[in-house]
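Since we're looking at a predicted model, the values are computed, not measured. Chain letters run A, B, ... following the sequence lines, proteins first and then strands; every chain starts at 1.
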Number of protein chains: 2
Amino acid sequence: MGATKLNIHSKDINTIAVVAKVFAHPARVSILQYISKQESCICNDIVDEIGLAQSTISQHLQVISKAGLLKGNFKGNSLCYCLNLERFQEFQELFNSFFNATKFNCC
Amino acid sequence: MGATKLNIHSKDINTIAVVAKVFAHPARVSILQYISKQESCICNDIVDEIGLAQSTISQHLQVISKAGLLKGNFKGNSLCYCLNLERFQEFQELFNSFFNATKFNCC
DNA sequence: TATCAATATCGTAATATTGCAATATTACGA
DNA sequence: TCGTAATATTGCAATATTACGATATTGATA
């Protein structure tokens with residue numbers, strides 16, 4: 001018990017949920033906003049900015065990265081992430097088509 | 001430890017996270033889609049439709065309802081929820097302004 | 001009022017998420 | 001190559017979420 005049942009839902013519905021999950025934590029929303037405002041981005045700056053431990057930020061970054069929302073230079077001891085703008089817009093469109101497809105009212 | 005730190009983030013950022021959390025579970029996405037397709041909505045129908053226990057659906061409905069996404073007749077033994085279209089569109093706009101405000105790229 | 005059907009709540013178990021400290025890894029420069 | 005700074009990983013504890021069965025509640029109707 002307790003585990004989310006994925007197999008009973010359509011692929012589209014699960015996709016929406018997975019994408020929403022990325023934005024469902026304030027630290028990740030903060031990180032995304034912060035990255036989008038920088039010329040280049042160094043994780044250590046984010047740590048000072050967001051106010052969570054370095055390891056915690058690193059984990060959140062991994063979640064964001066796995067969702068495909070980052071691109072850039074991941075080598076070296078001072079990384080330079082960027083927003084993957086294409087992917088980000090894909091997400092926006094995904095949400096919008098969900099919202100638009102769900103707008104029919106019943107009463 | 002383990003509890004999400006809300007106080008270190010701005011109100012806007014927390015709001016995005018709270019709203020995203022509603023859509024961050026496939027059952028809730030399913031429920032929203034289902035409701036939007038019905039003339040009237042009876043929870044027991046949803047149970048058959050979604051494939052989760054009645055109590056589980058009821059809990060998810062509560063989450064959706066607390067987010068303000070439902071309106072309608074909540075009295076009687078056969079309820080008639082509807083999507084709160086205004087609120088739903090508010091959410092869509094919230095997401096879009098977040099997406100649009102975060103579109104600046106760094107590299 | 002007694003019953004029934006629909007929905008909500010409670011209690012609990014399973015799983016997931018969050019966060020941190022400690023440690024490991026990595027790549028650069030001396 | 002050695003040290004160092006930056007980032008990643010690991011291990012663990014705390015908390016949150018998900019799900020279900022059992023039970024309670026609610027409102028309509030006989």
Fill in the blank from the handout: From CZ of A/R28 across to P of C/dT17 the rounded distance in Å is 9 Å
Fill in the blank from the handout: Side-chain contact check for A/A3: nearest option of C/dT15, D/dC20, C/dT9 is C/dT15
Exercise for the section: Rounded off to whole Å, could you give me the NE2-to-P distance for the B/H9 and C/dG19 pair? Expected result: 7 Å
Exercise for the section: Please check the phosphate of C/dA16 (OP1 and OP2 only) for any side-chain N or O of A/K21 closer than 4.0 Å. Expected result: no
Problem - Nucleotide D/dA19, atom C1' - distance to CG of A/N7 in whole Å - result: 13 Å
Completion exercise
Stems field, DNA chain C, Watson-Crick or wobble, 3.5 Å, at least 3 pairs, by first number, holds C:1-30 with D:1-30
Handout entry: Any donor-acceptor N/O pair, B/S97 side chain to B/E93 backbone, under 3.5 Å
Key = yes
Exercise for the section: Provide, to the nearest angstrom, the distance between the CG atom belonging to A/D48 and the C1' atom belonging to D/dA6. Expected result: 12 Å
Practice task
Round to a whole Å and report the spacing from CG of B/L52 to C1' of D/dT17.
Solution key: 13 Å
Give each protein N/O atom lying under 3.5 Å from an N/O atom of nucleotides 21-24 of chain D, with the pair distance.
from   : atom 1 : to    : atom 2 : distance (Å)
D/dG21 : N7     : B/S55 : OG     : 3.4
D/dG21 : O6     : B/S55 : OG     : 3.1

Practice task
Say whether, by atom type as modelled, one donor and one acceptor occur between the side chain of A/R28 and the main chain of A/K21 under 3.5 angstrom.
Solution key: yes
Exercise for the section: Kindly indicate, with the supporting measurements, whether the criterion side chain to side chain contact (heavy atoms under 4.5 Å, CB included) is fulfilled by A/F98 and B/Q92. Expected result: CA-CA 10 Å; A/F98 165 69; B/Q92 179 171 18; over 6 Å; no
Practice task
Report the C-alpha distance between A/L70 and A/I35 in whole Å, list the side-chain angles of each, state the deciding distance to 0.1 Å, and finish with yes or no for side chain to side chain contact (heavy atoms under 4.5 Å, CB included).
Solution key: CA-CA 9 Å; A/L70 299 180; A/I35 292 177; 3.8 Å; yes
Handout entry: A/L94 reachable from A/I13 in the ILVMFWY side-chain graph, under 4.5 Å edges
Key = yes
Handout entry: Closest contact, heavy atoms only, B/H9 versus A/P26
Key = CD2-CB, 3.4 Å
Practice task
Answer yes or no: does a side-chain N or O of B/H60 lie under 4.0 Å from OP1 or OP2 of D/dA19?
Solution key: yes
Handout entry: Gap between atoms CD1 and C1', on B/I57 and D/dT17 respectively (whole Å)
Key = 15 Å
Fill in the blank from the handout: From CD of B/Q62 across to P of D/dC20 the rounded distance in Å is 17 Å
Problem - Spacing of A/L61 atom CG relative to C/dT17 atom C1', expressed in whole Å - result: 17 Å
Practice task
Would you indicate, yes or no, if D/dA16 has its OP1 or OP2 atom less than 4.0 angstrom from a side-chain nitrogen or oxygen of A/H25?
Solution key: no
Completion exercise
Interatomic distance, CG@A/L32 vs CG@A/L61, rounded to 0.5 Å, equals 9.0 Å
Problem - Residues that A/H60 engages under ring-ring contact (aromatic ring centres under 6.0 Å, His included), provided they are two or more places apart - result: A/H25
Handout entry: Minimum heavy-atom distance between B/S36 and A/A101, given as atom pair plus value
Key = OG-O, 4.3 Å
